[in-house]
Amino acid sequence: MSTGIAMPYDQRPKNLNLASIRLPVPALVSILHRASGALIFLLLPVLLWALQQSTEAGGYAGLVNMMDSAWIKLPLLVLIWAFIHHFLAGIRHLTLDMRFGLEIRQARRSSKLVLVAGLLLTLLTGIWLW
Amino acid sequence: MVNLPPRAVAGAKHHGSYEWLLQRFTAAIMAIYTLGMISLLMIRQPDGYSEWVAITDNNTWRFGTLLTLLSLFVHAWQGVLDILNDYIKPLALRKALKLATLLALVWYAVWSVLILWKL
């Protein structure tokens, strides 16, 4: 049973001004986990198409050609970030499931680690690819 | 375990523990495949089409990739359902988007087989 102040359901305070909400880092990592997942889902047909292209000599050469363009590199780097962030945030989720790092200080620290490591690994992948 | 009231969500057959497990199981398959594939690419450093074919033209790679792609589609189904349930309020629209998502994912699964076996 809740011990909070009884308040009619429709009179509870709401704060849906997104600009005024200061998101804690764990919440930021969480919403980016969702956003990156949505992005990967929306790009699935493009990724499958690319896989299909890579199985033919001509298509493979076409993909290699495309990778030279900055207009492809930048969106690709965003997609790579989405994948890495989703991966790391997912691993963090699994550790939380196993009840590691549930204390607020540890949870904050691990979320910062996910955020920074995601950006760093994206940078390294970019350097590795080009 | 937390004691939940029976059928906390109207029409729910259970409390989502099956979905919870499936989401993590499919994630584990994808994580293993990803790490394996990255290691393979780092070791072999394929340069050009023929070296890419050398990696991908065998049934071990095909079945591993298919298993991972199917895991991805199941994982995405749960994730998209969560997003639609959270943000799309009109029931008819939500149902239509769920159906569209399901059809797309089933098509991706068929397409994956066609791609991997060059059918």
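Since we're looking at a predicted model, the values are computed, not measured. Per chain, numbering begins at 1; letters A, B, ... match sequence-line order. Values below: every heavy atom of this structure, side chains too, minus hydrogens, waters and symmetry copies.
Residue H33(A) does not touch chain B at all, counting heavy-atom pairs closer than 4.5 Å. Using a 4.5 Å cut-off between heavy atoms, L94(A) contacts chain B through its side chain alone, with no backbone atom that close. Residue contact with chain A, scored on non-hydrogen atoms closer than 4.5 Å, is absent for L114(B). Neither the backbone nor the side chain of A27(B) comes within contact range of chain A; no heavy atom of the residue lies under 4.5 Å from a heavy atom of that chain. Neither the backbone nor the side chain of V53(B) comes within contact range of chain A, judged by heavy atoms closer than 4.5 Å. Within the 4.5 angstrom heavy-atom criterion, no atom of W107(B) approaches chain A.
L76(A) and W71(A) fall into different hydrophobic clusters, where Ile, Leu, Val, Met, Phe, Trp and Tyr side chains are chained together by heavy-atom contacts under 4.5 Å.
For the atom pair CZ of R24(B) and NE2 of H93(A), the computed distance is 5.5 Å after rounding to the nearest 0.5 Å. Residue D97(A) holds its CG atom at 11.0 Å from CD of Q23(B), rounded to the nearest 0.5 Å.
In this structure, the side chains of Y49(B) and V64(A) stay at 4.5 Å or more apart for every pair of heavy atoms. At a threshold of 4.5 Å between non-hydrogen side-chain atoms, the residues I115(B) and W49(A) do not count as touching. Side-chain contact between I83(B) and F41(A) is absent, with no heavy-atom pair separated by less than 4.5 Å.
The residue among S50(B), G79(B), G48(B) with the most heavy atom pairs within less than 4.5 Å of chain A is G48(B).
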W111(B) and Q52(A): CA distance, side-chain angles, deciding distance, side-chain contact (heavy atoms from CB on, under 4.5 Å) verdict: CA-CA 9 Å; W111(B) 191 17; Q52(A) 186 166 43; 3.4 Å; yes
Steps toward side-chain contact (heavy atoms from CB on, under 4.5 Å) verdict (T55(A), D57(B)): CA-CA 9 Å; T55(A) 61; D57(B) 193 17; over 6 Å; no
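For residues 109-129 of chain A, the set of pairs meeting the side chain to side chain donor-acceptor pair (under 3.5 Å) definition, not counting sequence neighbours, comprises R92(A)-S110(A). Every pair passing side chain to side chain donor-acceptor pair (under 3.5 Å) that includes a residue from residues 81-100 of chain B is listed here, sequence neighbours excluded: R34(A)-D86(B), R34(A)-Y87(B), N85(B)-K98(B).
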